[in-house]
Amino acid sequence: MSTPEFFMRRAIEISRDRMRTDGCGPFGCVIVKDGVIVGEGVNNVVNNHDATSHGEMEAIRDAGRNLKTWDLSGCELYTSCEPCEMCASAMFWAKIAKMYYANTLADCQEVGLDVAPLRKMIRSDVEDRALLAERLLGPEAREVLDEWAASPDFDPFQ
């Protein structure tokens, strides 16, 4: 039976390998269900021209494709670094049961990758964020939301 250390070593291994061979960011992730790796991902932001291509996001996408579901209940996530708020949010929506991490965000800050501004922005009310925002057509959009909530198969976490 594989141990948590085995799966974390795999996350670290793919982060190192892809960093060296493809120029990916040094962040790897694996998702495990019932002792089997069902998804893997690395930070491929630059190569994919995609700001959301973090290791955790890619592993969640891979696991979803492999398991043919968005619901990853019962899965564990092993990531070579503590996740940013975007990735933590994705874990919430995917219903990941448990997360293991190696490096911390403080470790990243020490080498020059500081996500403190992201944390501050995400934890602020929308009108107080550095990213400018303006609400438009709220009542029209609310009609769609209300229609969804009234549908017989309504499930807000689907």
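Distance check: S89 OG to I122 CD1 gives 7.0 Å after rounding to the nearest 0.5 Å. Here the straight-line distance linking atom SG of C75 with atom CD1 of I37 works out to 12.0 Å at 0.5 Å rounding. From T79, atom OG1 reaches atom CD1 of I96 across 11.0 Å, with rounding to the nearest 0.5 Å. Atoms CE and SG, on M57 and C87 in that order, are 5.5 Å from each other to the nearest 0.5 Å. To the nearest 0.5 Å, the span separating CG on D155 from CH2 on W148 amounts to 7.5 Å.
Side chain of D125 to backbone of E127: no donor-acceptor contact under 3.5 angstrom is found. Side chain of S53 to backbone of D50: no donor-acceptor contact under 3.5 angstrom is found. In this structure a side-chain-to-backbone donor-acceptor pair under 3.5 Å is present from E82 to L105. Under the 3.5 Å distance criterion, the side-chain polar atoms of D114 are matched with a main-chain donor or acceptor of A116. Not one N or O on the side chain of R18 forms a donor-acceptor pair closer than 3.5 Å with the backbone of V42. Listed for the N66 side chain is a donor-acceptor partner under 3.5 Å among the backbone atoms of D62. With hydrogens and angles disregarded, a donor-acceptor distance shorter than 3.5 Å links the side chain of S80 to the backbone of G28. Checked by atom type and distance alone, the side chain of K33 pairs as donor or acceptor with a backbone atom of S73 at under 3.5 Å.
L131 and L118 fall within the same hydrophobic cluster, where Ile, Leu, Val, Met, Phe, Trp and Tyr residues are linked whenever their side-chain heavy atoms come under 4.5 Å apart, directly or through other members. By the rule that hydrophobic residues join a cluster once side-chain heavy atoms approach within less than 4.5 Å of another member, L72 and M91 end up as members of one cluster. Hydrophobic clustering (side-chain heavy atoms under 4.5 Å, transitive across Ile, Leu, Val, Met, Phe, Trp, Tyr) keeps F27 apart from V115. In the hydrophobic clustering of ILVMFWY residues, with side-chain heavy atoms under 4.5 Å counting as a link, F92 and I60 come out apart.
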task = Would you sort out whether R61 and R65 count as a side chain to side chain contact (heavy atoms under 4.5 Å, CB included), showing the intermediate values?
result = CA-CA 6 Å; R61 291 172 183 144; R65 284 188 298 268; 3.7 Å; yes
task = Decide yes or no on side chain to side chain contact (heavy atoms under 4.5 Å, CB included) for E143 and E147, but give the supporting numbers first.
result = CA-CA 6 Å; E143 289 175 12; E147 181 181 335; over 6 Å; no
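For the pair E76/I31, no side-chain contact is recorded, criterion being any heavy-atom separation below 4.5 Å from C-beta on. Side chains of P26 and R16 form no contact here, defined as non-hydrogen atoms less than 4.5 Å apart.
Nearest approach of E56 to C81, heavy atoms of both residues: OE2-O, 3.4 Å. Contact between A51 and M86 at its shortest, heavy atoms only, is O-CE, 4.0 Å.
In summary, of the residues considered (V38, I14, I12), a side chain to side chain contact (heavy atoms under 4.5 Å, CB included) with V30 occurs for I14 alone. When N48, N47, V46 are each tested for a side chain to side chain contact (heavy atoms under 4.5 Å, CB included) with C24, only one passes: N47.
Ring pair F7/Y78 is tilted by interplanar angle, where 30° to 60° counts as tilted.
The closest side-chain donor-acceptor pair between S15 and R20, if any, does not fall under 3.5 angstrom.
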